[in-house]
Every structure is written in C-alpha cells, then in structure tokens.
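Keep in mind that this is a model prediction, so the values were computed, not measured. Below, chains carry the letters A, B, ... as their sequence lines are ordered, and counting in each starts from 1.
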2 protein chains.
Amino acid sequence: MRVLGVDPGLTRCGLGVVEGVPGRAPALVAVDVVRTRADAGIGTRLLELDLALEAFIATHRPEAVAVERVFSQHNVRTVMGTAQASAVAILVAARHGLPVALHTPSEMKAAVTGSGRADKAQVTAMVTRILRLAAPPTPADAADALGLAICHMWRGGATARIEAALAATGGRG
Amino acid sequence: MRVLGVDPGLTRCGLGVVEGVPGRAPALVAVDVVRTRADAGIGTRLLELDLALEAFIATHRPEAVAVERVFSQHNVRTVMGTAQASAVAILVAARHGLPVALHTPSEMKAAVTGSGRADKAQVTAMVTRILRLAAPPTPADAADALGLAICHMWRGGATARIEAALAATGGRG
C-alpha cells in the first residue's frame, strides 16, 4: 500500500509518500515541500499547489491520500490558508479517484510517537526512526506529511485487522 | 464588463453573472445554485463544485470573479466547508487566468442596499430591483452571488473613476 500524506499550507505544504504493509515498518518513497510566495495572490498560490500536487501524484502514484484535518480554533488568518490548501489537496486526490482520509494532528502524533501531545522534535525523531532515514526530514512540514502517511497506513491496517478478526470469530455480521 | 459572483458553500454554492459598465445598471446574464450531497464525501463534493464552476465559466465567459470573503468567526463546522468551496472557486478562476477579488458580506450589502447590516430580504429586494428582474432570485445564495457580482462591478468602477479623476487633475503621480 502506498500512501501520500499532505500537511496543508500555502507558504509551505508538506508532501510525503510511504509504502508498506500494515503492521510492518513502511519505507520512504518520496518527500517534498511545496512553497508558494505570499505576494503571488491567492489564486496563483492555489493553482501552483494544484499543479505541484498533480505532478507529485503522477510521479509517485499513491493509492490513498491522508490530509491533516484543519480546525478553525487556530489563528484566524493562517487557518484560512490552511483550509484552502487542504481543499486543493482533497480536490486533486478526488480528481485521481483516490480515497481521502483526514487525520487530526493528535491522531498522527499518537500513531508515530505514542502521545497525541508530542512536539515537533519528537514527531521528526520518530518519523526518521520508523522510516530508517539517514537524516531527519526537514522542514517540520515534511516530517508531518510523512507522519500522516504512516498514521494512515497503520490506522487503516489496524482497522482491517480488527475487521478480519471480527469476521473470523463471527463477532460482527 | 462581465463579472461572476460566487457565494461559496458545499451544500449550496450561489453563482451569478452580471454584465454592465460602471455607473450604469447592470444586466443579469445567468444565475444558478450548485448543490452537493452531504453524504457524498468531501472529495466528491469539491470535485463536483469544480466541474460545475468550469461549465458555468465556459458557458458564460466572465472577465472577473468576485468571491465572498470567508471569516472564521462564524460557526466552526460550516466555515470549513465554506472555506473549501471558496478555495475551489478561486482555483478555477485562476486556472482560467481570471482576476479574483474577495468582498466581505458587509461590502456586498453596503454596495447593493446602502447598509452593511442589511438582512437577506433587503439584499434580495435590491438585487431584484437593480437587475430589473420579474421575480426575486431564489434561494438567498443566488441573490448573494448576484449581489457580489454587482458589488464588484460598482466598486471596480468607482476605483477606476477615482483613479481617472486623480490622473486628470494630477492629484497623484
């Protein structure tokens, strides 16, 4: 299973693809950070992000896309840009017929570090360890994108295993 | 000048095109409301909106797009859908090389009713009068979209006239 994780943002949008099977350590396929200029106008920025995501998906062919769920509790000004960037990521995934899942930052942190309250350094350290990378991915947006992809693979895997176990024991339907 | 106004939303997205010259009453070109199903999944909804906007722009060929500016002060759950729908509208406009302007609800209401605090009934009544329509556009999202297009035309016109006057009198530069 190959999963694209997206840490949405207009200034920096983290993209990370991992491949693996549930329950085993996934491998890094690709990681990148898309940047758009603040003075470019919102239309141009969203279009640049669309084109970059299109190219990344065409090159790395993920089977599923995991996008960080945006909350509006955060800073009013930045949350709008994050929501807009996440909309473009979801739209591009849908255009390719790829299933899209949204995971909260806490879900991602809990999946890779064991704690939903882990800080950025912890997430980066664990992503580096899980993917057996020679050096930590930078900037943090790149590590977060990889964390989302790992989170999605593991959560999906766990869900699939629970469903298989329930089916085997007749626990459900 | 032909302007497309967009009142963004996932459940209902108002689209209205008006044509005219600054300082004169604009005419209705087209009005529509795009609806997407709440149970369709966010990716499908954004993709349907993208396709509907593409078709609307291809048919009515606006020269500029005015989108309602989204604030995150509103209801947390609905504002995300509105922000995502507005991102798609801005993205489609950019894809067509069309200039995009964002106007607040207050700016739109002030432009068409004279009061930034006008209610929906007042906006609908004035849009109906300004465009000399036989019947009020429904639902309110349709009237709001037309109001945004009118607002953009008139504000753009006023700005152009002020700049022309300043240039003529040497008031600036």
**Student:** Is there side-chain contact between A/Met80 and B/Val79, with at least one heavy-atom pair below 4.5 Å?
**Tutor:** yes
**Student:** I'd like to know if A/Val3 and A/Val127 are part of one continuous hydrophobic network [Ile/Leu/Val/Met/Phe/Trp/Tyr, side-chain heavy atoms within less than 4.5 Å].
**Tutor:**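 Yes, same cluster.
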**Student:** Under 4.5 Å between side-chain heavy atoms, hopping through other hydrophobics if needed: is there a path connecting B/Val100 to A/Leu10?
**Tutor:**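 Linked within one cluster.
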**Student:** Could you please state which residues from residues 130-139 of chain B sit under 4.5 angstrom from chain A, measuring non-hydrogen atom to non-hydrogen atom, sorted by number, or 'none'?
**Tutor:** none
**Student:** What residues of residues 27-63 of chain B sit under 4.5 Å from chain A when only non-hydrogen atoms are counted?
**Tutor:**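 Within residues 27-63 of chain B, the residues under 4.5 Å from chain A are B/Ile42, B/Gly43, B/Thr44, B/Leu46, B/Leu47, B/Asp50.
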**Student:** Same cluster for B/Met108 and B/Val18 if Ile/Leu/Val/Met/Phe/Trp/Tyr side chains link at under 4.5 Å?
**Tutor:** yes
**Student:** Do B/Val65 and B/Trp154 belong to the same hydrophobic cluster, where Ile, Leu, Val, Met, Phe, Trp and Tyr are linked whenever their side-chain heavy atoms lie under 4.5 Å apart, directly or via other members?
**Tutor:**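 Per the 4.5 Å side-chain linkage, B/Val65 and B/Trp154 are not co-clustered.
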**Student:** Name, in order of residue number, those residues of residues 111-120 of chain B that have a heavy atom at a distance of less than 4.5 Å from a heavy atom in chain A; otherwise write 'none'.
**Tutor:** none
**Student:** Quick one: do A/Leu148 and A/Leu4 end up in the same hydrophobic cluster if we chain Ile, Leu, Val, Met, Phe, Trp and Tyr together by side-chain heavy atoms under 4.5 Å apart?
**Tutor:** no
**Student:** Could you name the residues of residues 85-93 of chain B that have a heavy atom within less than 4.5 Å of a heavy atom in chain A?
**Tutor:** B/Ser86, B/Ala87, B/Val88, B/Ile90, B/Leu91
